[in-house]
Amino acid sequence: MTSRPLLLIVLLATFTAAIFIVELTTGPSSIDFSNVFMNLINPEDIDQNGPNSGALNAGSTSVGLGLDSIIFLEIRLPRALLAVSIGATLGLAGAALQGLLRNPLAGPGLMGVSNCAALGAVIALYFGWSGVSIYAVPIAGMTGAALSVLMIFLLAGQNSSIMTLLLAGVAVNAVASSLISLALNLAPNPYAMSEMVFWLLGSIANRSMSDFYLALPFMLVGWLLILTSGRFLNALSLGEDTAQSLGFHLGRERGIIISGVALSVGAAVSVSGNVGFVGLLVPHLLRPLVGHEPGRLLLASALGGALLVLLADVAVQSFTPGHELKLGVVTALVGGPFFLYLIIKTRNSLI
Amino acid sequence: MKLQAKNIELKFDGNSVLKNISIAIDKNELVGLIGPNGAGKTSLLRVLANLQKYDSGELLLNEQAINSINRKQLAKHISYLAQGAPAHWPLEVYRLVALGRLPYLNPWSNLSAEDNAVIAQAMALAEIEHLSGRIVSTLSGGERLRVLIARMFATQSNIILADEPIAALDPYHQLHTMELLREHCDRGGSSVVVLHDLNMAARFCHRLVLIDQGNIAFEGKPDCVLQTENIAQVYGIETQILHTESGMTIIPKSRTSN
Amino acid sequence: MLKTALKTTALFHPYSVLFALLLSAPLTYGTVVNYNKPVRIVSTNLCTDQLLLMLVGKDRIASITNLAKQPEYSYLWEKAQDIPTNVGLAEEILPLQPDLILTTEFSPGNATAILMNNKLPVEIVALPDSFAGLEALISRLGELLGEQEAAAGLITSMRADIDSAKVRIKNVDISNRPTALIYSPNGHTAGSNTFKNTIVTMAGYSNIATDLGIEYYSNLSVEQVLLSKPDLVIVSESDYNRDSLAHRYTDHPALLKWQGHHGMLTIPDNQWLCVGPMSTEALKTIAGTHK
């Protein structure tokens, strides 16, 4: 009885690890991993010609060693780590929101959480707050995310009929997207306008380890808060009154989940922009495999989300190496039709 | 275990819902809360379950103020079955009953052998062992209710509070449910049940509390409380009451003309 | 006109001629200014703004584009600060009653047509794509603005700069040039058929972007830049206002770590965004990187 969900977790973890390795080896060109490995265990001073000496650079073997390592450690590794952590965040947040709102159509994208996080990040980045503190952008992202979850809760609240929930999500999303466009239009930086696509579609290309380190502590705390709420989400399936009678403090538990979602999604989106549909798709697919238990769904969704984003990012890099597609485009291409299918399947119960 | 409410006052938006209500439940007692719609039965039950804040009064468990008892501890003593018997996700029956053990678990532990034994026994008591692997959303109303009762048995709580548990059930399952609750009280537990069905209330409850507009109108044994004058006064209906060897029967005749 | 006036004067004594000349000087000077030297000049293009600012004093400029004040785009942004600006609308320009309007064939809307309909002197400039074309334009503007000397001076100093660059690259083996790659915010690079490419080539480098088949402009990821192993990465950007994602390409740690050791140079984009005399600064800087 308890072995099936465990088997699922093990399978997901194995696949995720495998695709993680594939992601590390995907890129515009192949790098020599034996070089990288040797460089890691035997670090060499790659400063051959001195700083900014300019021109001549013979392609010697020791130089080749350094280059592959740099590409691996500074470009490929952060990209793969971000794919895993952002995917895990979105999957986890989707499962948490669906459990909290007792509705399979909740998710950070549909509910506007990601867009509000992006709005916060956009304001902080383009109006120069990141000059005050490097944490300004992720903190603004988290604030945006928190506000949106609160708003959804206020709008849809206890009842959370599907209609109300979706409408609340549409409203929040519409407001957030238009405010993002407005902020970018008003921003003093000339490049701001051209970056709209990134914020609304998401990407993890050309990130660095510092981006990862910046978001990581917030994501970790968020994950922890959500994962400890598994029992509460299970109790919630019997209704709010029963959950309370089983010993849970309703306000506090909700606050923990909301904080967890805000922290993790806010930080993730501030680095990657809005990657859609992962939070909706992954818990939905995995729910039958964990017996519909919200608590069990959490860890499975985290792994499933990581796996999905890794696959999408590998696809992004493999199919159009010249013109790189945005990550959000790929997840939308998979998630959009799935969402339509969901609507058709549950059409009768949707009023 | 003794659950006691003293002088409870409750107002919603300025309207008085419960006016100075005092009620006590002790072991081996199956207490029926009856009364017209909107009388305040559900509100009183929720106050007793510590789910509803009241404006003044006291709520005590074994002479100790409930406010001072840790939530999880309280959960081990009092169980609540909400109106409509909600079970939101299509869980497996065993897993749903297992939710009853939540007050005994911390976030990271799994179900122990002891937990599983308790669950098994709860399912036996509720007579749902044969439904163990089924999905709860595929069950009939009566079966589902027994699953939720099994959940409460799994919590091993002394006091069970149920809000209109038999409202949507067929007569077979109505009897079965009330029998289970009665057996629980016979075993040393106690229960407060909100009921509309006066016949079932008369048949199974040790004591009835008849509530009218936030006040306790009549309280006592079923045959004391269920008198035609009392019913006429509170419900506004003329009834005929028969005493048969199966028990009391209350037959509604007509609405009283005022 | 002057000669005719002199001939009709009865008193032909040199002093009286001189006196007449002095008296008439303001008149004739005023006439010459109105005809040869415009004093209310409007420019509706960033690149003509630059040339205008180099050739005439601020007091003769009625309006330049708003881009001229922004350091990201304009080399002479400081000089442009107190000058009124326009966004190229006929509505803004008409009230200024300009006596010369410099515009290009790519001006937005049909402002040019409206201005010409209002009988205003419009000069449609074809922006050059080479130093030779630039020299021709500078000469033409010198004529139009009545600043032939200043124009000639600009051309002379440009030629001197180009010559000094040629000196610096005289030791470079033309058949085996070192490679360079231009990298800008958002990962933009310039390939063949661009002025930046011309400068890089004149500075003794071979532009990797052309080898990669890039015509005009395109994007490269940081990894692609590193894998092409350029001897020199030329980061073309302004230092001001780095609050955007665009800078994560040019600021990427991988790029800084690798190329920091192997050749990285920053050229302010405003030097070679427009084809102008300031572009020789870029040429000299890049040419100066050879050993």
Side-chain angles (χ1 to χ4, degrees), chain A residues 1-6 95 98-104 106 158-162 224-253 256-257 283-284 286-299 346 349, chain B residues 42 45-46 48-52 69-111 116 119 132-133 135-137 147-148 151-152 154-155 157 159-163:
Chain A
M1 190 93 60
T2 47
S3 61
R4 230 182 65 209
L6 190 62
Q98 289 176 10
L100 183 65
L101 298 166
R102 276 163 289 159
N103 201 305
Q158 266 81 312
N159 307 333
S160 68
S161 77
I162 297 184
L224 208 64
L225 289 173
I226 294 175
L227 287 168
T228 54
S229 306
R231 304 273 192 219
F232 170 64
L233 290 175
N234 281 342
L236 211 52
S237 37
L238 296 174
E240 291 192 346
D241 280 342
T242 313
Q244 263 191 304
S245 75
L246 279 166
F248 294 96
H249 188 294
L250 212 58
R252 186 171 45 155
E253 296 290 338
I256 290 177
I257 294 179
H284 219 94
L286 294 176
R287 186 172 290 112
L289 299 176
V290 294
H292 294 260
E293 269 187 58
R296 281 185 169 161
L297 190 56
L298 293 176
L299 184 56
T346 60
S349 58
Chain B
T42 297
L45 194 72
R46 296 187 75 232
L48 289 172
N50 200 30
L51 295 173
Q52 175 69 55
I69 302 179
N70 171 273
R71 241 171 231 279
K72 262 200 163 177
Q73 285 306 318
L74 192 62
K76 295 177 187 173
H77 301 303
I78 303 180
S79 280
Y80 180 74
L81 179 57
Q83 208 175 77
H88 196 87
W89 301 102
L91 298 175
E92 201 182 84
V93 165
Y94 190 91
R95 299 294 302 171
L96 198 154
V97 177
L99 291 177
R101 299 304 293 165
L102 280 173
Y104 299 89
L105 301 173
N106 50 44
W108 308 111
S109 63
N110 272 326
L111 293 172
N116 283 318
I119 294 168
S132 180
I135 304 297
V136 69
S137 52
V147 170
L148 291 175
R151 192 282 295 166
M152 291 195 285
T155 307
S157 56
I159 301 168
I160 288 182
L161 306 173
D163 196 347

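A note on names: the letters A, B, ... follow the listed sequences, proteins ahead of strands, and every chain is numbered from 1. Here the structure is a predicted model, which means the values were calculated and not measured. As a basis for the values below, the full set of heavy atoms in this structure was taken, side chains included, without hydrogen atoms, waters or symmetry mates.
A heavy-atom distance below 4.5 Å is not found between the side chains of A:Glu293 and B:Glu92. Contact check for B:Leu148 versus A:Leu238: side-chain heavy atoms found under the 4.5 Å cut-off.
Contact between A:Pro104 and B:Trp89 at its shortest, heavy atoms only, is N-CH2, 4.1 Å.
Neither the backbone nor the side chain of A:Pro288 comes within less than 4.5 Å of any heavy atom in chain B. Proximity to chain A is absent for every atom of B:Ile135, based on heavy atoms less than 4.5 angstrom apart. With a 4.5 Å cut-off on non-hydrogen atoms, B:Leu91 touches chain A through its backbone and its side chain both. Residue contact with chain B, scored on non-hydrogen atoms closer than 4.5 Å, is absent for A:Phe232.
Note that CD of A:Gln244 is 11.0 Å distant from CG of B:Leu74, once rounded to the nearest 0.5 Å. In this structure, the separation between CG on B:Leu99 and CG on A:Asn234 is 5.5 Å, given to the nearest 0.5 Å. Between the OG atom in A:Ser245 and the CG atom in B:Leu102 there is a gap of 10.0 Å [rounded to 0.5 Å]. With values rounded to the nearest 0.5 angstrom, A:Glu240 atom CD is found 11.5 Å from B:His88 atom NE2.
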task: Go through A:Asp241 and B:Arg46 one step at a time and tell me if the side-chain contact (heavy atoms from CB on, under 4.5 Å) criterion holds.
output: CA-CA 9 Å; A:Asp241 280 342; B:Arg46 296 187 75 232; 2.7 Å; yes
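In summary, of the residues considered (B:Arg151, B:Arg71, B:Lys72), a side chain to side chain contact (heavy atoms under 4.5 Å, CB included) with A:Leu246 occurs for B:Arg151 alone.
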